[in-house]
Amino acid sequence: MSLPKFHIKKNDLVMVTTGKEAGKSGRIMKVLSEKEKVIIEKINFIKRHSRPHGQHRRGGIIEKEAPLHISNVMLLCEKCNKPVRIGHRILEGGKKARYCRKCGEIFDK
Ligand SMILES: [Zn+2]
């Protein structure tokens, strides 16, 4: 489920625009709509210590993507090769699609 107020969906290519990961881009792995955060593939890694469970697993340090606030990322237009503002339009057949306001590229085909 995605809320209409979010322009970003799972599998979108986005660029981080603020914070220590600014300028990096990746695919959205997950949208946490209630928290207004997104998890982006290979971005914003945090180190976590995992506790050993049971006899056979060892504890250690694992790296994991931490969520970023949705306002810190922008959809990346592959045609413009930069983060862009997006608009919405209704396609033939009534389907709602997002498009790049710069080049007109439709993101939801
Ligand atoms: Zn574009």
Side-chain angles (χ1 to χ4, degrees):
M1 199 185 102
S2 65
L3 296 176
K5 66 172 173 168
F6 295 125
H7 296 312
I8 288 164
K9 295 180 193 171
K10 197 182 169 184
N11 292 325
D12 280 348
L13 190 64
V14 295
M15 185 176 272
V16 184
T17 53
T18 31
K20 70 180 172 78
E21 303 289 271
K24 292 186 185 174
S25 58
R27 295 237 170 239
I28 298 283
M29 292 169 67
K30 203 171 185 183
V31 178
L32 309 164
S33 43
E34 276 173 33
K35 292 179 181 164
E36 304 190 346
K37 285 181 173 181
V38 290
I39 297 174
I40 311 162
E41 197 178 13
K42 297 189 177 76
I43 297 221
N44 203 27
F45 272 119
I46 47 159
K47 281 180 183 168
R48 271 197 186 153
H49 293 270
S50 68
R51 285 184 209 147
H53 292 284
Q55 293 180 312
H56 303 292
R57 277 204 229 162
R58 283 186 203 165
I61 296 168
I62 48 162
E63 289 199 328
K64 208 183 163 199
E65 286 98 342
L68 281 171
H69 197 265
I70 205 149
S71 65
N72 293 346
V73 304
M74 276 179 91
L75 204 62
L76 190 71
C77 174
E78 287 179 77
K79 227 171 173 178
C80 297
N81 198 29
K82 58 170 107 169
V84 291
R85 291 195 175 277
I86 50 173
H88 290 92
R89 66 163 66 137
I90 308 292
L91 298 178
E92 245 179 89
K95 198 188 164 202
K96 208 174 170 190
R98 299 166 301 164
Y99 69 97
C100 169
R101 286 203 186 169
K102 216 170 181 86
C103 72
E105 176 80 352
I106 307 252
F107 292 110
D108 301 295
K109 285 174 190 166

[atom2] on [Y] to [atom1] on [X], rounded to 0.5 Å:
X: Cys103; Y: Lys82; atom1: SG; atom2: NZ; value: 10.5 Å
X: Ile106; Y: Lys79; atom1: CD1; atom2: NZ; value: 10.0 Å
X: Ile86; Y: Ile8; atom1: CD1; atom2: CD1; value: 7.0 Å
X: Ile43; Y: Ser25; atom1: CD1; atom2: OG; value: 6.0 Å
X: Ser71; Y: Glu36; atom1: OG; atom2: CD; value: 8.5 Å
X: Leu75; Y: His7; atom1: CG; atom2: NE2; value: 9.5 Å

Taking every non-hydrogen atom, the tightest pair across [X] and [Y]:
X: Phe107; Y: Leu76; value: CE2-O, 4.0 Å
X: Asp108; Y: Lys95; value: O-NZ, 3.7 Å
X: Glu21; Y: Asn44; value: OE1-N, 2.7 Å
X: Lys20; Y: Phe45; value: NZ-O, 4.4 Å
X: Gly104; Y: Arg89; value: O-NH1, 4.2 Å
X: Val84; Y: Cys77; value: CG2-CB, 3.6 Å

*Could you give me the CA-CA distance, side-chain angles and deciding distance for Glu65 and Met29, then say whether side-chain contact (heavy atoms from CB on, under 4.5 Å) is met?*
CA-CA 10 Å; Glu65 286 98 342; Met29 292 169 67; 3.7 Å; yes
_Single-linkage hydrophobic cluster Met74~Val38, side-chain heavy atoms < 4.5 angstrom_ = no
_With clusters defined by side-chain heavy atoms of hydrophobic residues (ILVMFWY) lying less than 4.5 Å apart, directly or transitively, does Ile28 cluster with Ile70?_
yes
*Do Glu41 and Arg27 sit within salt-bridge range, that is, some charged N less than 4.0 Å from a carboxylate O?*
no
*Could you tell me whether Arg98 and Asp12 make a salt bridge, using a distance below 4.0 angstrom between a side-chain N and a carboxylate O?*
yes
*Before giving the answer on side-chain contact (heavy atoms from CB on, under 4.5 Å), spell out for His88 and Lys96 the whole-Å C-alpha distance, their side-chain angles and the decisive distance to 0.1 Å.*
CA-CA 7 Å; His88 290 92; Lys96 208 174 170 190; 4.2 Å; yes
*Tell me, with the steps shown, if Arg48 and Ile61 meet side-chain contact (heavy atoms from CB on, under 4.5 Å).*
CA-CA 5 Å; Arg48 271 197 186 153; Ile61 296 168; over 6 Å; no
*Verdict with supporting geometry, Val73 and Ile40, side-chain contact (heavy atoms from CB on, under 4.5 Å)*: CA-CA 10 Å; Val73 304; Ile40 311 162; 3.6 Å; yes
